[in-house]
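In what follows, chains are A, B, ... by sequence order, proteins preceding strands, each numbered from 1.
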Amino acid sequence: MGEDVIEVKGSNEERATVKKGTTVGDVLKALYGKVDSRWIAAKVNGDLYDLSRPIYEAVQVEPVAIDSPEGLDILRHSTSHVMAQAVKELFPEAKVAIGPSIENGFYYDFDVSKPFTPEDLEKIEARMAEIVQEHLPFQRREMSRSEAIEFFRKMGETYKVELLENMEDGMVSLYQQGGFVDLCRGPHIPHTGYIKAFKLTGVAGAYWRGDERNPMLQRIYGTAFSDKKTLKKYLNFLEEAKRRDHRRLGRELDLFQFNEEVGPGMVIYHPKGAIIRQILEAFEKKEHLRRGYQIVIGPTLLKTELWKRSGHFDNYRENMYFTEVEGQSYGIKPMNCIAHMLIYKSKVRSYRDLPIRYFELGTVHRHEKSGVLHGLLRVRQFTQDDAHILCTPEQLQDEIKGVIDFVIDVMGIFGFPYEMEVSTRPEKSIGTDEDWDRATSALINALNDVGIPYEICEGEGAFYGPKIDVKLRDALDRRWQCATIQCDFTLPERFDLTYVGPDGQKHRPVMLHRVILGAMERFLGILIEHYAGAFPTWLAPVQAVVMTVTDNQLNYARKVYQQLVDAEVRVELDDRNEKLGFKIREAQLQKVPYMVIVGDREVEAGSINPRRRDGKQLGMMSVGEFVDLLERECREGSKGRVGLGII
RNA sequence: GCCGGCGUAGCUCAGCGGUAGAGCAGCUGAUUCGUAAUCAGCAGGUCACCGGUUCAAAUCCGGUCGCCGGCUCCA
């Protein structure tokens, strides 16, 4: 083989020999014998490369298509560069910060004296469309970091300079399309013409480097897809999500309200919302009792002295509400742990008593910043399905595993997809390294034991210990923390909790805070969006509506209604003087699982005629048969845990 | 808390310096009807709140409160 040629491999058996310095694009052509217009970049020995980049060594090359996950990432990243170009052309004084691709799109942050208006966005979008038409190539070049610093300093791009100054690399890469140059690792699409479908979706303030002490930049969000059809599909999904929004469904289904006169972040449950919560709470009590938890109830108001001892006053004061009664300062609980500590302390505990698991549906108040409130998903008063487990260090891992199993079991019943994260020691934290290591590995070992995937979030733990968080997604795919399992080293110590070991000596128990659903409010919000308001029968606030064809069947319908009430079915009677179709439509819009139709034929036969929410008519049956059917359906939907009449 | 947008009837929205509107919901009456909207009539508003500009403010300006989308923070 000559010195100026190299052998390259494809992803399967493809082989080719090319000259040194051949571009990635030409290598692909040699390997696969074709040029696919969907190919926008390639993986060279696993690293992403531009098609225009030359190859000098024997490598393995694999194409990246524009509609693959990695391809979409590249496309969106390139689109963010095009947006930045348009912004720089229209607003030359704007300084650019960062512009990555994100889940479902991209953004770019700019420092501008005046925030962008929606009209600005239209202009930017229009200019971007022109740039796309120009088919400007993305050109890569490399320079030393110090050269790059000088380069961007001359341009007045102070944010790029700051980024570069914080980098370690000796060489950095720059990308240019048209007159716009950006510091960037790449790769990019070959030219701007590859952008077939994009849309700017919004503008918002965002702190430089995500730190609220830094200046606020203007962030423009957008998205891009490989073709117009998929973009359309995505925009439709956003429309669909609006219809699933729990705030909208909460009003339409008469579940709850927020009231300006009451105050922000305070939920008022209407009868139909309250009954769902009652079902969830009844379900939770049963599930906890059968797993060896004891139900306890603590007070809402505790003396401020106690919050000082627990550390909340020092670490959590801004989020707490305080009040004064008879010259004594009290704090409203933002967490439920304190009373549980005091219950533990109420007598001498033996190692034989452990583990102790205290469960409380505890209502807490947290003064959340006004801008973060969000329907039921982020409120100021909420009820946690909270528990504190006190155990010996030896029992810790099994206890964690027990909680993980509990979470998996419950999520399985609701059919939620979820993601788990382990958060490790943050900078600002207390406790010894040994404690942290032991607890962190206990969490990780337990997850490995159970065999479910998880992400590690370095430095994201609570100041008092590492934790496992379980995240659920709302209708818009935003992630919300629900279940959490947190180790705590400080509270057992601050409250001097002990147990007597087999050696007759006092020992310090280990403590876990944990919630399964998290907050009832947040969980209900996710629940509403997950089912789009069409709750399964075991959770539906109204399981059936009895409706007559004409007023002639009213007396009979009232009897049927009463029989269903007696069987503990959540049932309503629609005795309005309306046509059947109208009543069905209303029940349908209320997403009631069953409509129980009663006409002359049913009166005659002493039966009822149920119609399911999906339109299926079940035919005539007796009330008893219908009750059995509902009971069965509740049991099936809740994996056997909940039947009729749970409360 | 920060950046931007928005607050008109119970709900969805129109009106954007010159007498507050529609559809749905509600009420009354008629109709007695078989699986997603029967017909007719009636009633319903401090245009979020406070202040300013103007002969005149729902409309323009400022402030407050609330909501929405983000950022930061979190169950």
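- Under the 4.0 Å criterion applied to side-chain N and carboxylate O atoms, Asp469(A) and Lys467(A) are assigned as salt-bridge partners.
- With sequence neighbours excluded, no residue forms a salt bridge (Lys or Arg N to Asp or Glu O under 4.0 Å) with Arg601(A).
- Within the structure, a side-chain polar atom (N or O) of His374(A) is placed less than 4.0 Å from OP1 or OP2 of G69(B).
- For U32(B), its base sits under 3.5 Å from the side chain of Asp551(A) at one donor and acceptor pair at least.
- Atom name P, nucleotides C3(B) and A9(B): the rounded distance is 29 Å, in whole Å.
- Near-neighbour residues of RNA chain B inside residues 520-536 of chain A, defined by a heavy atom below 4.0 Å, number-ordered: Arg522(A).
- Aromatic pair Tyr221(A)/Tyr107(A): ring centres closer than 6.0 Å.
- Atom CE of Met595(A) and atom P of G34(B) are 18 Å apart (whole Å).
- At whole-Å resolution of the value, CD in Glu318(A) and P in C74(B) are 12 Å apart.
- At a threshold of 4.0 Å, the pair Lys242(A)-Glu239(A) counts as salt-bridged, since one of the basic side-chain nitrogens sits closer than that to a carboxylate oxygen.
- Comparing U53(B) with G15(B), their C1' atoms sit 22 Å apart, to the nearest whole Å.
- Using a 4.0 Å cut-off, some side-chain N or O of Arg478(A) falls inside it from OP1 or OP2 of G70(B).
- For the pair Ile98(A) CD1 and C71(B) P, the interatomic distance rounds to 12 Å; values are reported in whole Å.
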For nucleotides 22-29 of chain B, which of its nitrogen or oxygen atoms have a protein nitrogen or oxygen under 3.5 Å away, and what is each distance?
none

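- Trp480(A) and Asp474(A) share a side-chain donor-acceptor pair at under 3.5 Å.
- Two rings, from Phe106(A) and Tyr108(A), have their centers 6.0 Å or more apart.
- At the heavy-atom level, Leu517(A) lies nowhere under 4.0 Å from the strands shown.
- In this structure, Phe463(A) has its ring center no closer than 6.0 Å to that of Tyr316(A).
- Taking each heavy atom of Pro215(A) and Tyr159(A) in turn, the nearest pair found is CG-OH, 4.2 Å.
- A salt bridge links Lys88(A) to Glu157(A): one of the charged nitrogens lies within less than 4.0 Å of a carboxylate oxygen.
- Distance noted for atom P between C33(B) and U28(B): 23 Å (whole Å).
- For the segment residues 599-620 of chain A, the set of residues with a heavy atom within less than 4.0 Å of an atom of RNA chain B comprises Gly599(A), Asp600(A), Arg601(A), Glu602(A), Asn609(A), Arg611(A), Gln617(A), in numerical order.
- Nearer to the 5' terminus of RNA chain B, by closest-nucleotide assignment, is the contact made by Gly581(A) (compared with the other of Gly581(A) and Arg378(A)).
- Salt-bridge check for Arg473(A) with Glu103(A): passed, with a basic side-chain N closer than 4.0 Å to an acidic carboxylate O.
- Between Ala483(A) and Asp211(A), the residue anchored closer to the 5' end of RNA chain B is Asp211(A), taking for each the nucleotide with the nearest heavy atom.
- Applying the salt bridge (Lys or Arg N to Asp or Glu O under 4.0 Å) criterion to Asp574(A), with sequence neighbours excluded, gives Arg576(A).
- Taking a cutoff of 4.0 Å between a charged side-chain nitrogen and a carboxylate oxygen, Arg213(A) and Asp211(A) qualify as a salt bridge.
- For the OP1/OP2 pair of A75(B) and a distance below 4.0 Å, the side-chain nitrogens and oxygens of Gln481(A) include at least one atom meeting the criterion.
- Rounded to an integer number of Å, the gap from Asp474(A) CG to C68(B) P is 13 Å.
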Take nucleotides 2-12 of chain B nucleotide by nucleotide from the 5' end and write B, S or -, depending on whether a protein heavy atom sits under 4.0 Å from the base, only from the sugar-phosphate, or from neither. BBS------SS

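- Under 4.0 angstrom from either OP1 or OP2 of C71(B) there lies at least one side-chain N or O belonging to Tyr221(A).
- The distance between the ring centers of Phe110(A) and Phe116(A) falls below 6.0 angstrom.
- Across all strands shown, Val379(A) has heavy atoms under 4.0 Å from base atoms, whether or not it also approaches the sugar-phosphate.
- Here A75(B) presents its P atom at 17 Å from CD of Glu284(A), a figure rounded to the nearest Å.
- Rounded to whole Å, atom C1' of C74(B) lies 8 Å from atom NZ of Lys467(A).
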